[in-house]
Amino acid sequence: MGNTEGNNHVVGIRHSLAHLLAATVIEMYPGAKNAIGPAIENGFYQDFEMPEPISDEDLPKIEARMREVLKTWGTFVRREVSPEEARQQFSWNQYKLELIDEFSKDAKQLTFYTSGAFTDLCRGGHIDDAKEIDPRSFKLTRVGGVYWRGDEKRQQLQRIYGIAFETQAQLKEYVAMLEEAKKRDHRKLGQELDLFVFSDLIGAGLPLFTPRGTVLRRKLDAFVQEMRDEYDYQEVTIPHITKKDAYIASGHWKKFEEELFRITTREGHEFAMKPMNCPHHTQLYAARSRSYKELPIRYRETTTCYRDEQSGELSGLSRLRAFSQDDAHVFCRTGHVEEEALKIWDIIDRFYGTFGFELKVRFSTHDPANMSAYSGSEEKWLNTEQQLLSIIKQKVGDNYIDGVGEAAFYGPKIDFMAKDAIGREHQVATIQLDFNQPEGFDLTCINEGGDQERILMIHAAIMGSIDRFLSVYIEHVAGKFPVWLAPEQIRIATLNQDDEIVHFAKDIAAKAKSLGLRATVDADNESVGKKIRNAELMKVPYMVVIGGKELETGELMPRIRQDMEVNAEAHTAHTVDELLKTIVHESKSRVNKTSL
RNA sequence: GCCGCUUUAGCUCAGCUGGUUAGAGCAUCAGUUUUGUAAACUGAGGGUCGUCGGUUCGAAUCCGACAAGCGGCUCCA
């Protein structure tokens, strides 16, 4: 692990490269204006207003020119200037002028940094000398469109991204990681492994899951529901459309009206496809008066939600217009919150632990500077946040990330981020404490004193969206699903098309199916080598070849997918019963190792 | 939604600057072969070149709109 000094140094390199990129682009494209360009994780970027749009194909020549310009650069020279002088220098660049106006509000002097023939307005943070940059340790990666200052109402600029490290070896390592990520891309694997498809006829963001993909969904969902059953969740079922009144009461209408799929009935009534499930579930709770003795009431349901997402936001299974949530709502009193949240947390730990994900916790709170984005008084916000914080402290101490402004509009959340096998983080599970919808829907219980008491709701999704979880999980395991999830658990291939051999293979498959396994027979007229290759490509965990030898001895030599843990004697002959029994055991125990 | 790029057979991709019946590999189908742990051989079928419109004597190729996808931005209950 690098020390702090080393880390600052690489940040300095990245920052300095952003300057170099700005200098190079301005030189190569007369009329180009640079806006901002900071160091970021693994690299840097620089925003430009370009006279003509550039594309990815332009990057190699910009990169080559950067290396030339770099040779002319030396120490970074700092100079303090007055705002007036700065304005004069950058009169050609309205972006810098805007920054100068802003910075000069609280500073009398601004700073310029110069290396080679290039000077930029900058607060600092470079390395001392541009000669410290290894010209082989950076690379321009992509160009994208961005809004000036991140505001979609303002000018659109072009951003050039680069990656940069202290050494060429580190750059190579990072490039290798990106290539590995590309190989694992769930959109690619989804097609190769025959898990899901999209159709132009059906529409963007509307995934169609194949039989194989559906196995994955059902097994994952069953796992979550099995754990919820332990904690007395009750399964419910709701329709997928609703009158808009439900969203007016919940507060969603005000905030998400634009993102709803709306339906007008022939009688002119307005409905919407449900974008979430809480309003429906509240009505199950509110169907009759509830005694405090009944609480907590826990509803769970895996069901599809529909949101009219912006077309540019759709991406594989990560962002969809129709997606399925493994949703649950707990209706309870303040005194129940801690215990209920801990139960959910336990399910989350067990679920993600099973897959080898490392979890990080984010405490997602309201942004005091932006209260208009939230429902309810700030006092109530602070109150509920305190409740969640004490739970977080209890579970992980100070080991959590502050997510100011990351709350839902109706309440604070505990969000969980999973770190995958190649080090990327994804937001997954969530526990949300909601004091607003119980108000909106007037949810109460009759308390010990016989009075109506306002209750609280906890929203909890373990996978969040099954679809999005799948996108993360497919990439995490690179499509090599453990036996309990594998759409095809064992493939029985015949050596040839001899009747007796084919019959034996079919008998084994029938036996496997009777034990609840997912087995297939490959009796095609193909070479053994080809059949093995096909099974490998589909990442089937177990494969056996049946020939005369097997017919004679009744024993099988399993071919076990390489990522699975095995014992020494795994790759020896086993009886059919022994082999199938093992696979059944692995199917139930949810481990990715064979007990052969 | 915004900026940029892309779209040729089920999949992966050729097709130069517009010019007679649009190609390959894999997959599929048929025949041959009857195979021992990651690709047997031969042959056949399959595409109105994303859709619609325009320019042109002539469009897969140029222009426009729309759709879908990719990389970003914005958004994310």
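In what follows, every chain begins at residue 1, and chains take the letters A, B, ... in the order their sequences are listed. From a predicted model like this one, the values you see are computed outputs, not experimental measurements.
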side-chain hydrogen bond (donor to acceptor under 3.5 Å, both in side chains) assessment of A/D434 paired with A/Q437: CA-CA 7 Å; A/D434 181 356; A/Q437 292 195 60; 3.1 Å; yes

Nucleotide [N], atom [atom2] - distance to [atom1] of [X] in whole Å:
X: A/R187; N: B/U12; atom1: CZ; atom2: P; answer: 13 Å
X: A/R142; N: B/C73; atom1: CZ; atom2: C1'; answer: 13 Å
X: A/E526; N: B/U32; atom1: CD; atom2: P; answer: 15 Å
X: A/H186; N: B/G69; atom1: NE2; atom2: C1'; answer: 13 Å
X: A/L314; N: B/A67; atom1: CG; atom2: P; answer: 12 Å

Side-chain-base donor-acceptor pair under 3.5 Å for [X] and [N]:
X: A/R149; N: B/C73; value: no
X: A/E550; N: B/G36; value: yes
X: A/N525; N: B/U33; value: yes
X: A/Y45; N: B/G72; value: no
X: A/R319; N: B/C76; value: yes
X: A/D56; N: B/U6; value: no

Can you name the residues that form a side chain to side chain donor-acceptor pair (under 3.5 Å) with A/E425, not counting sequence neighbours? A/K360

Comparing A/F198 and A/S311 on RNA chain B - which has the more 5′ nearest nucleotide: A/S311

Just call it for A/K531: base, sugar-phosphate, or nothing, with non-hydrogen atoms closer than 4.0 Å on any strand. nothing

ring centroid sep under 5.5 Å plus plane angle under 30, A/Y410 with B/A77: no

Assess whether a salt bridge exists between A/E536 and A/R559, defined as any Lys/Arg side-chain N lying under 4.0 Å from an Asp/Glu carboxylate O. yes

Pairing pattern in dot-bracket form [Watson-Crick, G-U; both distances under 3.5 Å; | = partner strand] for RNA chain B: (((((((..((((.....[...)))).(((((.......))))).....(((((..]....))))))))))))....

